[in-house]
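Values reported hereafter were calculated over all heavy atoms of this structure, with side chains retained and with hydrogens, waters and symmetry mates removed. Chain letters run A, B, ... following the sequence lines, proteins first, then strands; residues in each count from 1.
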Amino acid sequence: MTQKMESKVENQAQIKTLIVPVTGMTCAACASSVQTILDKQNGVLECAVNFANESAKIQFDTKLTSPEFLQEKLQQIGYGLILGTPEKAKEQQAILKENQYQKLKQNLIWATILTIPVVIIGMFFMEMPYANWIELALTTPVLLWFGRQFFINALKQTRAGTANMDTLVALSTGIAFLFSLYNTLFPEFWHHRGLHAHVYYEAAAVVIVFIMLGKLLEENAKSNTSTAIKKLMGLQPKTVWVIENGEEKEIPIAEVQVSDRILIRPGDKIPVDGKVLSGNSFVDESMMSGEPLPVEKTKGSKVFSGTVNQQGSFKFIAEKVGDETFLAQIIQLVQEAQGSKAPVQKLVDKIASIFVPIVIIIAILTFIIWMIFGGENALTHALLTSVSVLVIACPCALGLATPTAIMVGVGKGAENGILIKDAESLEIAHNVNAIILDKTGTITEGKPSVSDLIWVNKSENEMLKSILLSLESLSSHPLAEAVTQQLKVEGVKPLTINTFENVVGKGIRAIFEGQNYFVGSPKWIESITPNLDNQAIISLEKQGKTVVVFADEKETLAIIAISDKIKSTSKIAIQELQEAGIEVFMLTGDNILTAQKVAEEVGIKNVKASLMPNDKAEFIKQLQKEGKIVAMVGDGINDSQALAQADISIAMGKGSDIAMDVAKMTLISSDLLKIPQALKLSRKTVSTIRQNLFWAFIYNLIGIPLAAGVLYPFNGFLLNPMIAGAAMALSSVSVVSNSIRLKYRN
Amino acid sequence: MNYKKITNSQLTQSQLTMEKLSFKTNINCNNCIAKVKPFLNQVENIENWQVDINNTDKILSVSGEEELTAEEVIEAVQKAGFSIEKQ
């Protein structure tokens with residue numbers, strides 16, 4: 001903001017909106033805590049914290065507060081705001097994130113190395129000499145060094161009066177560790193009172209390792225979505241050839257201005273949006289429309305940034321540059337869609353948030369009751385029982401319940417050609433009740449092939465076939481490839497043709513042995529040879545096919561229909577989904593006629609055609625507003641925004657890299673039958689998680705009252721540490737073995 | 001379309017009918033060229049234009065399609081605030 005403007009409106013509120021990267025957020029709860037802190041500040045009018053892309057949009061009054069002040073406030077509770085120019089901030093954030101990821105990975109590796117012996121000793125060799133001391137030596141670095149972040153975060157959260165997953169981890173492992181430490185140092189305290197000084201180091205270490213593993217997987221999934229953005233940005237060339245004062249000059253893309261004349265050569269990416277001035281070419285616009293066939297561009301045609309020129313070259317006038325271009329809009333919208341989704345609260349988080357306060361209350365109650373009714377050993381028993389309650393409730397099995405089931409589920413998916421990038425998708429996929437399918441490349445093969453090749457008047461012979469093959473292989477028209485491929489499959493041999501002409505927008509013509517041959521649009525051929533079989537052509541076109549005619553000067557030789565074939569399994573897959581009560585929609589950038597034809601054939605009633613990438617995402621938003629859980633299945637860059645918006649995103653393995661990066665699931669074979677399979681896998685995984693939680697709780701349910709000493713008044717039974725330890729181990733074993741069972745369930 | 005004449009390049013035809021015009025202007029320096037650029041670039045009939053600022057007459061040479069008229073060029077340059085006359 002300039003000085004001048006500020007002084008003009010000195011007495012009025014100065015509203016400024018800022019989008020800044022936020023550092024240090026590890027979960028959805030962090031995002032809401034950042035939001036709360038920012039909202040509380042005087043002068044902040046509106047604020048939206050986006051966990052997925054780690055940024056905050058803050059609208060504030062510059063008279064009342066400043067970004068620096070907000071930064072300071074957030075730093076106090078352990079987060080950070082990166083101020084400065086957007087590019088620099090992004091860069092800084094990327095470096096920070098990468099470092100963070102590497103650090104987390106290293107910490108995890110070391111923690112695992114130290115934890116394995118602790119578990120082995122703790123479970124099988126408790127009686128070996130110095131067992132407790134060895135465990136202490138190994139566990140201390142796991143908690144206090146590699147896992148220190150949990151304690152630091154928990155402390156910061158507590159200071160701010162909030163709690164998250166870290167609080168739970170710190171509390172349970174901290175108490176287990178301190179209790180074990182005390183028992184290692186002063187076992188006599190319990191021995192004097194006739195009790196065994198049991199230690200729980202392995203529980204503490206295992207929980208830290210598993211939660212770290214979960215965080216690493218989550219970070220990994222998040223960094224993938226930012227690669228998608230990077231790849232999208234890579235669709236724009238870094239430099240552009242412009243014509244300045246009659247001369248060609250290479251300039252950085254940032255310097256391109258509206259009205260600049262830009263030169264596009266064969267294979268170039270279109271840098272900005274504009275209008276063709278001269279020249280002819282075909283441009284691959286699949287990133288926009290999803291259609292694989294390049295579109296012809298002649299004078300006056302619009303071209304869009306990020307699309308790819310084929311063999312011709314042309315000049316165009318820049319009409320939209322910078323943030324205004326089509327590609328920039330897609331990038332921005334993908335980013336927004338990734339962030340605007342409501343974070344899914346994980347089942348375990350939900351349970352943990354209730355579980356922790358209840359356990360703390362039980363522990364406190366146990367302590368109070370023992371102090372009142374404990375008699376002579378009141379303090380000893382009160383201490384032992386309340387700490388035992390906390391230790392036995394340590395969410396070891398609870399922590400294992402989700403990750404083990406997810407790991408097995410993801411592994412099973414991979415075996416079946418379903419790559420699942422994040423746990424969340426697997427947890428919610430079974431709830432899907434609306435599925436959006438892209439047409440081209442998803443329902444169909446995504447590349448044109450010859451569906452009909454009709455030789456007219458018995459003109460079918462090897463020679464004509466060879467001429468057709470040679471003609472088409474000389475053509476630069478995108479449809480020509482389909483024809484050459486078909487003929488090559490038939491084993492046709494090419495000939496040498498010397499005289500050849502590309503008639504722009506119409507077709508091709510060649511002379512072979514003094515005879516003229518033509519391949520092109522029916523309209524053009526009709527103007528050359530009069531006896532064209534219009535009936536056949538019209539009926540083929542009605543089926544949504546593109547028709548090309550092969551003719552010589554006297555007559556039509558062959559009619560060729562080219563179409564994008566529907567995958568053989570699409571229809572069955574769609575039927576299966578519909579039978580499961582899921583609404584199936586087809587969205588496409590293609591025209592309504594072709595769309596309807598395909599939809600009819602596969603049995604989809606809900607069709608939307610001629611959509612821009614943005615429209616697809618909007619449609620999903622609309623369904624989500626109606627309370628539907630939406631899965632998007634697509635293959636193209638034009639689907640990436642919709643994929644980012646959907647609750648479940650599924651990409652085709654044969655599709656674009658960007659769609660695969662954005663989507664949380666990828667079907668390697670691009671076979672739609674894998675979708676019902678993926679949903680089934682999700683259902684089974686979730687039911688396994690639920691069973692795991694049951695096993696984790698049933699032991700707690702029995703263990704906690706025992707630890708609290710409910711049996712003491714009846715038979716003097718206080719916590720037997722051996723039983724407690726065994727129960728904890730058993731609950732973990734039950735959970736792990738139940739998860740492994742998922743692998744063999746069908 | 002004349003099918004007897006076979007050409008490999010699609011541009012040849014339009015090059016044959018290219019219109020060439022030149023003008024005397026006061027487009028003095030590179031900065032002036034930058035000013036006039038958006039206006040001349042928008043004239044679609046212009047295929048290419050170039051100002052020779054080393055020439056004392058600051059000659060603007062324009063080539064373009066058959067339909068290109070001197071008036072179009074003069075109007076664009078005048079809109080940019082420079083003086084121009086046909087040679």
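Note that CD1 of B:Ile33 is 3.5 Å distant from CG of A:Asn245, once rounded to the nearest 0.5 Å. Atom CH2 of B:Trp49 sits about 10.0 Å away from atom CD1 of A:Ile243, to the nearest 0.5 Å.
Chain B is approached within less than 4.5 Å, heavy atom to heavy atom, by A:Gln257, A:Ser259, A:Asp260, A:Arg261 from residues 256-269 of chain A, ordered by number.
A 6.0 Å sphere centred on CG of B:Asn55 holds more than 12 heavy atoms belonging to other residues, nucleotides or ligands.
Taking chain B as the reference chain and counting heavy-atom pairs below 4.5 Å, the highest number among A:Glu244, A:Lys299, A:Glu247 is found for A:Lys299.
Scanning all heavy atoms of the two residues, the minimum distance from B:Ile46 to A:Leu277 falls at O-CD2, 3.9 Å.
Within the structure, side chain to side chain donor-acceptor pair (under 3.5 Å) contacts touching residues 69-81 of chain B (residues at least two apart or in different chains) are B:Asn45-B:Glu72.
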